[in-house]
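Keep in mind the model is a prediction, meaning the values are calculated, not measured.
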Amino acid sequence: MSEALFLDALREGLATTSDEERELRQWAWWQGNKAYRRDAPWVPLSQRTPQVRDNAEALMTLCALDDAEHRWMHAELLRELERFEEALTILNLPPFPALEPGLESLRDAARRADSRLLPLPAGSAPAVTTAPARCGVPGP
């Protein structure tokens, strides 16, 4: 599965609820970062195509700050977009226990103005689901 496939699914309106839209956008983001988890030189979201940046912006609007997983995702998107002060503002909100394992890693990277993907401690990343299949997109 590719980032482009998920972005195409969104353009075609395959997501019928905000939850499905958020999950398709999340998968597009994850797939877009896949090469950077290996050997590809890092390119921040802020320097990628307009469609990738638009996806990140739309995904952030679908993140509720009263949900730990959404808050984590929102802050990480801001950091990858090189919007470090905004990421720190979200990371400095009263914490949820679920955010604690990798919170300092994200804060430190934002303070250093580092947008690169981070190796996060086990249990700190959002759970992966197979939601794309619900939207008519085969799972990864």
S.K.: To check you understand the geometry: which heavy-atom pair defines the closest contact between Ala87 and Ala75, and what is its length?
M.R.: CB-O, 3.6 Å
S.K.: Find out if a path of hydrophobic residues (ILVMFWY) with successive side-chain heavy-atom gaps under 4.5 Å connects Val43 to Val52.
M.R.: no
S.K.: Check whether any side-chain heavy atom of Glu57 sits under 4.5 Å from a side-chain heavy atom of Leu77, and report yes or no.
M.R.: no
S.K.: Are any side-chain N or O atoms of Arg71 and backbone N or O atoms of Leu65, one a donor and one an acceptor, separated by less than 3.5 Å?
M.R.: yes
S.K.: Using a 4.5 Å cut-off on heavy atoms from C-beta on, say whether the side chain of His74 contacts that of His70.
M.R.: no
S.K.: If you compare all heavy atoms of Glu69 against all heavy atoms of Asp67, which two are closest, and at what distance to 0.1 Å?
M.R.: N-OD1, 3.0 Å
S.K.: Is there a side-chain contact between Arg107 and Asn92 (heavy atoms, below 4.5 Å)?
M.R.: yes
S.K.: According to a hydrophobic-cluster definition based on side-chain heavy atoms being under 4.5 Å apart (Ile, Leu, Val, Met, Phe, Trp, Tyr only), do Met73 and Leu93 belong together?
M.R.: yes
S.K.: Any carboxylate oxygen within less than 4.0 angstrom of a Lys/Arg side-chain nitrogen, looking at Arg111 and Glu104?
M.R.: yes
S.K.: May I ask you to decide if Thr17's main-chain N or O and Glu21's side chain share a donor-acceptor pair within less than 3.5 Å?
M.R.: no
S.K.: Quick one: does Leu81's side chain get under 4.5 Å of Met60's, heavy atoms only?
M.R.: yes
S.K.: Among side-chain atoms of Ser46 and Glu82, is any donor-acceptor pair under 3.5 angstrom?
M.R.: yes
S.K.: Report yes or no: is the cationic atom of Arg48 (NZ for Lys, CZ for Arg) under 6.0 Å from the centre of the six-membered ring of Trp42, at an angle within 45° of the ring normal?
M.R.: yes
S.K.: Spell out, as yes or no, whether a donor-acceptor pair under 3.5 Å connects the side chain of Arg79 to the backbone of Arg116.
M.R.: yes
S.K.: When hydrophobic residues are tied together by side-chain contacts of less than 4.5 Å, even through go-betweens, does Leu106 share a cluster with Phe84?
M.R.: no
S.K.: Parallel, tilted or perpendicular, judged at 30° and 60°: which one describes the rings of Trp27 and Phe6?
M.R.: parallel
S.K.: Among side-chain atoms of Trp30 and Glu3, is any donor-acceptor pair under 3.5 angstrom?
M.R.: no
S.K.: Roughly how far, to the nearest 0.5 Å, is SG of Cys63 from CG of Leu78?
M.R.: 9.0 Å
S.K.: Leu91 vs Trp72, test: side chain to side chain contact (heavy atoms under 4.5 Å, CB included). Steps then yes/no.
M.R.: CA-CA 8 Å; Leu91 291 168; Trp72 181 279; 5.7 Å; no
S.K.: Any chance you could measure Leu59, atom CG, to Asp54, atom CG, to the nearest 0.5 Å?
M.R.: 12.5 Å
S.K.: Hey, is the main chain of Leu62 close enough, under 3.5 Å, to the side chain of Arg22 for a donor-acceptor pair?
M.R.: yes
